Amino acid sequence: QQRIFPMESSVCASPGCGKPATLQCPTCLKLKLEPTFFCSQDCFKGSWSVHKAVHAPAPTVAPYFENYEFAGPLRPGVLSPIRTVPAHIKRPDYAETGEPLQERAMRGSTTIDCKNAKQIELMKESCQIARDVLDLAGRAAKPGVTTDELDRIVHEYIISKDAYPSPLNYRGFPKSCCTSVNEVICHGIPDSRPLEEGDILNIDISVYKNGYHSDVNEMFLIGEVDPKYRKLVQVTREALDKAIAYCKPGAMYREVGNIISAHVNPHGYSVVRSFCGHGVGELFHCTPNVPHYGKNKAVGTMKVGHTFTIEPMINEGTFNDVTWPDQWTVTTKDGKRSAQFEETLLITPTGVEILTAKKA
């Protein structure tokens, strides 16, 4: 039976009590924890089931980061438990196993699906949810807010729409969105690190609804951001807009990279080569592949009904990248910052429609 010992005066920690308190838990004393006071043995006993949680050791960063030489100043935080999805919500094939079997079956195919009017309407609903939740998360992205909290907001909104957050357990990814801060190029895992004044943040949202995926991401400036990083973000958005303006029936996919590179290279920026835009629809990732760098060898021309993403990743320094030991987080090799924007697009008879466009 534990007993509490007199200490300096404070207020009782028992919920709803508020009386003066001088007694402290012996376990807290032993562990040298922040003092928590109680007014009596009865209040202590009544609060024990809740209070004892403070005795548990604080979670730590994954051991595989020990001795890892980071390219830049960003460090990982602690991951919260994987969030759950209600049983009634329709799931993609990888939701339980982590393995996208349908994507694997289509590997090597050069066929690009042309969606009909019904399929396009289903995709539009998925894309609208993705845009709405991206805007919601963006409004919450402020100094002091953790990226894990943003992931909670994203997850809860998506499942409230009877949809599934596409990243969750895709090839084992542990969260419902990607949050990439500063030198992280892509696939940052939401964690306990609070956003800081001057950060630049990419939030990448993907939603599975009605059997169709959507994909969109955007940069957010956290507090007052250095003008040189604001410029990086601005130029990246401009590059995406120029590439989108090119899209129409008959346009070549390989030209997208030439347009992006022609816009960003004069600023001294580089284009990431390890990741590209992709087809999206019934599969999270499928043909076509849409490289963002110049002089690429992408095959295919755009046709009415094609749905795909363009999502240039533009680096302040070298285009080379490295992957953290978590096997997901990709950062610039030189530790300099990176920016990215993404939209899901539909080729129409007259040009292109941005299915994930921000509302006017």
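Source: prediction; values computed, not measured. No hydrogens, no waters, no symmetry mates; every other heavy atom, side chains included, goes into these values.
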Sub-3.5 Å donor-acceptor pair from the side chain of [X] to the main-chain atoms of [Y], do we have one?
X      : Y      : answer
His155 : Thr84  : yes
Asp226 : Lys228 : yes
Asp199 : Leu195 : no
Asp113 : Lys115 : no
Gln340 : Pro312 : no
Lys175 : Ser80  : yes

Does the distance from a Lys or Arg side-chain N to an Asp or Glu carboxylate O, for [X] and [Y], drop under 4.0 Å?
X      : Y      : value
Glu196 : Lys142 : no
Arg131 : Asp135 : yes
Asp321 : Arg273 : no
Lys358 : Glu218 : yes
Asp241 : Arg237 : yes

Legend entry - Exceeds 12 heavy-atom contacts within 6.0 angstrom, atom CZ of Arg193: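 Yes, enclosed.
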Legend entry - Within 6.0 angstrom of Lys303 NZ, more than 12 heavy atoms from elsewhere: no
Inset, instruction - Report the C-alpha distance between Lys336 and Glu183 in whole Å, list the side-chain angles of each, state the deciding distance to 0.1 Å, and finish with yes or no for salt bridge (charged side-chain N to carboxylate O under 4.0 Å, His left out). - result: CA-CA 5 Å; Lys336 294 184 178 181; Glu183 68 264 31; over 6 Å; no
Inset, instruction - Each residue besides Val50 in its hydrophobic cluster should be listed here, by chain and number; the cluster joins Ile, Leu, Val, Met, Phe, Trp and Tyr at side-chain heavy-atom distances under 4.5 Å. - result: none
Inset, instruction - Only one of Thr309, Thr307, Val352 passes side chain to side chain contact (heavy atoms under 4.5 Å, CB included) with Leu345; say which it is. - result: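 Answer to the side chain to side chain contact (heavy atoms under 4.5 Å, CB included) test with Leu345 among Thr309, Thr307, Val352: Val352.
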Inset, instruction - Could you list the residues that satisfy side-chain hydrogen bond (donor to acceptor under 3.5 Å, both in side chains) with Ser206, not counting sequence neighbours? - result: Asp215
Inset, instruction - Could I get the full list of side-chain hydrogen bond (donor to acceptor under 3.5 Å, both in side chains) partners for Asn289, not counting sequence neighbours? - result: none
Legend entry - NZ or CZ of Arg91 within 45° of Tyr164 ring axis and under 6.0 Å: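 Relative to the ring axis of Tyr164, which defines the angle, Arg91 lies outside at least one limit.
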Inset, instruction - Find out whether the Lys NZ or Arg CZ of Lys295 is both under 6.0 angstrom from the six-membered ring centre of Tyr293 and within 45° of the ring's axis. - result: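 No, Lys295 and Tyr293 do not form such a contact.
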Legend entry - Side-chain donor-acceptor contact under 3.5 Å, Ser214 with Thr344: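 Thr344 and Ser214 do not have a side-chain donor-acceptor pair below 3.5 Å.
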Inset, instruction - Assess the side chains of Asn320 and Thr318: does a donor N or O sit below 3.5 Å from an acceptor N or O? - result: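 Side-chain D/A pair, Asn320 to Thr318: present.
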Legend entry - Trp324 side chain reached by Leu74 side chain, heavy atoms, under 4.5 Å: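 The answer is yes; the side chains approach within 4.5 Å.
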Legend entry - Minimum side-chain heavy-atom gap Ile200-Val181 below 4.5 Å: no
Inset, instruction - Just do the ring-ring contact (aromatic ring centres under 6.0 Å, His included) check on His51 and Phe38 with the steps written out, would you? - result: CA-CA 11 Å; His51 172 70; Phe38 298 90; 5.3 Å; yes
Legend entry - Arg83 vs Asp148, salt bridge (charged side-chain N to carboxylate O under 4.0 Å, His left out): CA-CA, chis, key distance, verdict: CA-CA 11 Å; Arg83 305 185 200 281; Asp148 186 65; 2.9 Å; yes
